[in-house]
Amino acid sequence: MAVREISPQKKVLVYTRNFTNRLIHWATFFSVLVLMITGYYIGEPTAVYGQGEAYNQFIMADIRYYHFLAAMVLDVSLMIWFYLAFMSLHHRYWKEMLPLPGTIKGAAEVAKSYLTFKKPPFYAHFDPFDGLLFMVLILFMVMQMLTGFQLYVQALPADYWWSELIHVTTDWVSALLGGSQHVRLVHHIMQWIMVAGIIIHVYLQIAKTIIWQDGHIGQIVGGYKFRDVE
Amino acid sequence: MARHVIDPITRIEGHLRIEIEVENGMVKDAWSSGTLWRGFEVFLKDRDPRDAWIITQRVCGVCTTVHALASVKCVENAVGIDIPDNARLIRNLIMGAQYMHDHIVHFYHLHALDWVDVVSALSADPKKTSDLANSINQNAPNSGAGDFRAVQEKLKKFVNSGQLGPFTNGYWGHPAYKLPPEANLMAVAHYLQALSLQSRLARMHAIFGAKNPHIQTYTVGGVTCVDDLNADRISEFKYLVEEGRAFIDNVYLPDVLAVAPFYLEWAGIGGGLKNYLSYGMLPGPGGKEPESLWFPRGLITDRDISKVHPVDASKITEDVTHAWYKYRDGKPLHPSVGETDPWYTGIETDRADGKYSWLKTPRYDDMPCEVGPLARMLVNYVSGHKSTVENINGVLKALNKGPEILFSTLGRTAARAVETKVIADNMESWIDELAANIKRGDLETFTPYDMPDSASGFGMTEAPRGALGHWIEIKGKKIHNYQLVVPTTWNGSPRDSKGRRSSFEASLIGTPVHDPKQPVEILRTIHSFDPCLACSVHVIDPKTNEVFTTRAI
Amino acid sequence: MTAGAIRHPGEIYLVVRTRSILACVIHWVLFCSVVTLAVTGAYIAWPSYYFGKGEAYATFTMADIRYYHFLAATFMMTSLLVRFYLAFTESCHKDIKQFLPTPRNIKNAVQLAYHFATGRGKHPHYRFVNPLGGLGIFLISASLFIMVCTGFLMYLPAETPGTIWHSWAFSIAHSLGGLQIVRLIHHVVMYVIIALVLIHVYMQIWKNSVYTESDISSIIAGYKLFPLRQIGHFADYYGIKLREKPPSTEEMDSASEPVPAREPPG
Amino acid sequence: MCQLSSGFSPKSSEERVKALAGLDRRDFLSFCSIMAATLGLSPSFIPKIAEAVEKAARRPSVIWLHFAECSGDSEAFIRSSYPSTEELILNILSIDYHETIMAASGEAAEAALQKAMTENKGKYIAVCEGAIPLATPPGPNAKKGDYLTIGGKTGLELAKEVCADAAAVMCVGNCASFGGVQAQRPNPTGAVGIEEAIGKPTLKIPGCPHNPVNSVATIVNFLLLGSFPKTDNLGRPLFAYGKRIHDHCPRRAHFDAGQFVEEFGDEGAKNGWCLYKMGCKGPETYHNCSMVEYNDGTSWPVKAGHGCIGCSEPNFWDNMSPFYGRLPNVILPGVEATADKVGFTLVGAAAVGAAAHGVYTFMNRKKFDPTLKDKEE
């Protein structure tokens, strides 16, 4: 029976992700999850009605509060992530995520492997295909940050240094997109694209874990995976 | 000298036993025993204070709602909230409906058979009965000769069936029955009318109170029936009030005045105690107590009807010298510091210094007091309560007697009738106030609150049978201590430590008894109090949890 | 790549199949249905907001949520039932014994719990479910079974009036002290399940991190990786040559015995 | 259970009609149709009910006993509208002993009881109201059941004596059926329902108090078919206790819609929304309140904006309380807490335990990872 089968493959354990790296992943995961759920309510507020007197009900206010709170967690973790991409002592991954010729070639090879089931070379941290996907996701997150801040700053008092800062850094977004209503639209649509991207990401990690038997998915929990012994 | 036991006393709520000693055809001494113990205060402990009213309402199914009211009041007092005006009005309407209903049931179905010989009615002339009815009141309904003949036919068939049902073994033909056959027939007809009417009047409770007995609309903070605050329900209520008032004006009061002249000697029998206590009830706008109470709070001592004394709830004590409980140092205690230690010594004990009842013996300022309709009417009368004064003077004038006849069995029964009319006449004003509020768009029925972690409070009101007080102590948002001091405890309790009798026992002294085996005279006086035993027998909280020792089976 | 060498330098691991994909799928169906049950159940217990405005005759929020609760319950029951059946079959390596609280399992579970708590003693390598985990899964299953029973006791009287099921459920509900008590049990046991699941998830992450056997991939992809050095007495089997007959479950379980460390073959 | 062996000698229906003098034909038929509806019979049964009531020439003897109770069920019974109490007393039943309405007291009352029991041996209906206290009070002369004595006998003795020769025992109200209010924790008087006290199956019409429509319909069923109606396994007639209040509640649409009263007197209350969150026990209570209502169909608790308290269910004082909460409290030895408090404690303990274990293993990671140890060595 299948379950009794033991593969003769020998593997060696490789540490691929340190604690900070994993922590950032899960902080990003939970903050994006909260942002998605609260964002859905803000975009579709008829989903939940508050009862009682308006002066005593704060459903939208509460949900926006948690949206902003989660956004702050995401911002901070993204910033650390960017810093580590260049400065990490463990693994400086910025190059692996840029669409350089080498990365694109590697990504094509990985993509081919998904179709041919021929195992691609071992990549300790993430393969080039993932790298490009992450780049896309990160870009979307950055865009969500920019549009999000642009929407957020509209509600802030103007004479506040913090709001000045946001104005200076993100007003161009509004100008570029053609007004705050378009900013809102882009913020909304990009979220759905991100949902699709996240689904692809999760699917690929599970598929790789199953197909290549490297314990791939475990690395984001335990920090290690396995490499074939040549 | 023979000792006679009447057990069970029927046509009352609960389980009562009366023992009398008769000498030369007169009662020389009497003992009253409550023979059921349920332990309400024991299981109230640790309950949610908001549930207390639902539980305490079940102490009595006859004067249902009054315990509910006293209970929500005592919790509201502890929480420290005022209820909205609509809630006050609905509570007053429900209370008023209770009085209209309960007093009619008491007079016709629990009390009338002490004065009316059902069998004698068989020999009445329906024509003369009709004349009699019309001579008392021209508006008397269903009082044609044909109406009375139909009742008599029905009664004859019933008697001829040989199955007398609830009338089996009545004291028919007893010389104490003095009404002519025609008056008896009229009373029987009204007995049956009242039987149908009371079922309709109970609907007044149901309109706002969901059902009767045991309403389910109160809640700590107000009432729940906000959905019923509409013209439809109010007019339904109003017409039922009118129906009840028509009966009270045209049947109940005339009947009392028609029967009384035949039993005028009872205006000198059954007086008993000389002190009368009323807590007052039916709060007015603002709901402040006792200032806004429509029936004032007060105490009359020594039958002195020139003065009403204020009432101080802290002067109430309970004594267990003759009750089946033990106190550690034997002294009377205020309910809030009372103890519980049931100590049953058997029903056939020495009455002189033994224990013989499950009722404790309450005293106000060390005085035995009578409570009930007579006490309320006297306090109202002396305080100058307008409609009470008018109605009592009307009754006294009709009987051509002075106020001294009120201190008697007959006086008690008359006071009840007067009270029914006084309250029924005022129902409309509350309905109008309620309608005016609704018209204004005021539909508020509930005051929100937070249950305090610890608090204490009390609620006082009047049950149809007399003064009713609930005391609560809340700790950890739960009931820590709950006590009830109820009307029949005042009236039906055994002697106190100084050997002084309470109302039942005191009022029986000197009652003529024709035949101790047919103690109809005893029943007259006892029933005039409208005893309600279920609520009277209770225990005071166990700070020490001693009561749990009684669980051993 | 530097970090890879910090722990277990040169340690050789073997891929060991631990679950059929079917068992993995059932796990996640069970997980999703229990999450759905918990969320919809929370709404049924505390319907604090109302969803969907409108007239009552045209709005069915509670009705819908109850429907999804019942739907998820059928998924949960079916997957539980299928898993129970598979526990007796080869495709789940007849693992029923690993979940039952037999004296042996309890003894091993206590030992394991002591090791997990203090770190004393050698880590036993269990290929399938370890006795402590088996006990936890037994408790979760038993709790789910209680939920199924109490759920039916509430569902049948309401949804099948006039049938034999109705009177049957009614009798049992009353012998337990009435529907209100059944409801209370249903409510409280949900907390028990949440607590147990919390511990379960924590323990999987913990084991995955501490023992580097990739426990997490076991429930997703169906295999773990064992350090060859520490399961030495299976080396001839795990090594280069496959044995004719696979070791029995008991043999696998007894892998908890201290094993002398050896050099990895090859 | 409770089969009657031709309890009533049939006389001519003409004679019976005469006995019903005063109840005019229209009223009588309206009573019969209400009874048919209450019992869930088709309209074709109306003439049969009329016939059965008319045929029962000798009215069935009823002995109504009061035990530990508040008389609420007697009061409820006399609120009957179809038939009226008058009809019940004069024409339909022969209520031979009933402490609240009977003329006789004391010895005469005792004699009436003995007479009814002897004359109708094996044929009378014993209606019981109130629970039987079984505990023994402390005290020198106390014996079992002394918390209640009537005519010098304990309630238990009286119940056993009267119920022994009854054709059937009918319990009205929750006290007689299941022990009721005095049987709630800690049940200081050891009160139990009649069935448990006398060890004989009884028919139960629970409620606090019961709805007279149900007791009267049960009696009419008895007159019509010579037996009591079909019951559930607790002994409650299925016609009245076969369905949940919740399933026939006029506010059910608001439950399904998710529209709830959040606080008494709020907008939801004014709009008649569901009382689920106010602790309504309709979902666990079998009773026909929502269909027949009380006091001649005037109202019932949920209509009056107050949740159901489950008064037809056994031990409802304990199980259904706190009455303004959804769930009863969890009672563990020495502790009483809400279900959610218990649950949060449980989950919190698990989370804290996991976190503590995580920190501990991180601090002592060398113990767990032999490789690290090896390396150091």
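Chain naming here is simple, since letters A, B, ... match the order of the sequence lines and numbering starts at 1 in each.
- Interface residue D/Tyr324: backbone and side-chain heavy atoms are both found under 4.5 Å from chain B.
- Interface remark: of the candidates B/Leu192, B/Leu201, B/Asn212, B/Asn212 forms the most heavy-atom pairs closer than 4.5 Å to chain D.
- Here D/Ala108 is the residue among D/Gly155, D/Ser321, D/Ala108 with the most heavy-atom pairs under 4.5 Å with chain B.
- The heavy-atom pair separating D/Glu75 from B/Gly61 by the smallest distance is CG-O, 3.4 Å.
- Both the backbone and the side chain of B/Asn169 come within contact range of chain D, with heavy atoms under 4.5 Å apart.
- For the atom pair OG1 of B/Thr217 and NZ of D/Lys303, the computed distance is 13.0 Å after rounding to the nearest 0.5 Å.
- Heavy-atom distances place both the backbone and the side chain of B/Ala202 under 4.5 Å from chain D.
- Contact annotation for B/Thr168: both backbone and side-chain heavy atoms come within less than 4.5 Å of a heavy atom of chain D.
- For D/Ala76, the parts sitting under 4.5 Å from any heavy atom of chain B are the backbone and the side chain alike.
- With rounding to the nearest 0.5 Å, the separation of SG in D/Cys208 from CD in B/Gln216 is 9.0 Å.
- A pairwise comparison of heavy atoms in D/Thr85 and B/Leu195 identifies CB-CG, 3.8 Å as the closest pair.
- With a 4.5 Å cut-off on non-hydrogen atoms, B/Thr219 touches chain D through its backbone and its side chain both.
- With 3.5 Å as the limit, one finds no donor-acceptor pair spanning the side chains of D/Arg79 and B/Ser199.
- Side-chain atoms of B/Tyr171 come within 3.5 Å of backbone N or O of D/Ser105 as a donor-acceptor pair.
- Within the 4.5 Å cutoff, no side-chain heavy atoms of D/Ser299 are placed close to those of B/Arg203.
- There is no contact between D/Asn174 and chain B, counting heavy-atom distances below 4.5 Å.
- Top candidate by heavy-atom pairs under 4.5 Å with chain B, chosen from D/Ala142, D/Gly265, D/Ser84, D/Pro209, is D/Pro209.
- The candidate with the highest count of non-hydrogen atom pairs below 4.5 Å against chain B, out of D/Tyr294, D/Phe67, D/Phe264, is D/Phe264.
- Contact between B/Ile54 and D/Trp317 at its shortest, heavy atoms only, is O-CH2, 3.5 Å.
- Between D/His306 and B/Trp53, the ring centre distance stays below 6.0 Å.
- Only the backbone of D/Ser80 comes within contact range of chain B, with heavy atoms under 4.5 Å apart.
- Within a 6.0 Å sphere centred on NZ of D/Lys341, heavy atoms belonging to other residues, nucleotides or ligands number 12 at most.
- To the nearest 0.5 Å, atoms CD1 (D/Ile309) and CD1 (B/Ile55) are separated by 9.0 Å.
- Most heavy-atom pairs under 4.5 Å with chain B, from the set D/Ile89, D/Leu148, D/Val62: that is D/Leu148.
- In this structure, D/Ala103 and B/Gly170 approach most closely via the heavy-atom pair CB-CA, 4.0 Å.
- B/Leu197 CG to D/Glu86 CD: the interatomic distance, rounded to the nearest 0.5 Å, is 12.0 Å.
- None of B/Thr445, B/Val226, B/Asp227, B/Leu229 except one satisfies the side chain to side chain contact (heavy atoms under 4.5 Å, CB included) rule with D/Lys270; the exception is B/Val226.
- With a threshold of 4.5 angstrom between heavy atoms, B/Glu236 approaches chain D through side-chain atoms but not through N, CA, C or O.
- Only the side chain of B/Asp228 has a heavy atom closer than 4.5 Å to any heavy atom of chain D.
- The CG atom of D/Asn295 sits 9.5 Å away from atom CD1 of B/Ile207, with the distance rounded to the nearest 0.5 Å.
- Taking the side chain as every heavy atom from C-beta outward, B/Lys45 and D/Pro186 never approach each other to under 4.5 Å.
- Residues B/Arg58 and D/Glu69 are not paired through a salt bridge, judged by the lack of any N-O separation under 4.0 Å between the basic side chain and the carboxylate.
- A 4.5 Å side-chain heavy-atom check between D/Phe323 and B/Asp48 finds every atom pair outside the cut-off.
- Contact between D/Leu90 and B/Phe158 at its shortest, heavy atoms only, is O-CD1, 3.4 Å.
- Residues passing the ring pair (Phe, Tyr, Trp, His ring centres under 6.0 Å) test with D/Phe316, sequence neighbours excluded: none.
- Centroid-to-centroid, the aromatic rings of B/Trp358 and D/Tyr147 come within less than 6.0 Å.
- The heavy-atom pair separating B/Ala210 from D/Ala304 by the smallest distance is CB-CB, 3.6 Å.
- Using a 4.5 Å cut-off between heavy atoms, B/Arg47 contacts chain D through its side chain alone, with no backbone atom that close.
- Comparing D/Gly325, D/Ala269, D/Gly130, D/Gly307 by how many heavy-atom pairs each has under 4.5 Å with chain B, the most go to D/Ala269.
- Atom OG1 of residue D/Thr298 and atom NZ of residue B/Lys211 lie 13.0 Å apart, to the nearest 0.5 angstrom.
- For a residue to count as touching a neighbouring chain, one of its non-hydrogen atoms must lie under 4.5 Å from one of that chain's; by this rule B/Phe43 touches chain D with backbone and side chain alike.
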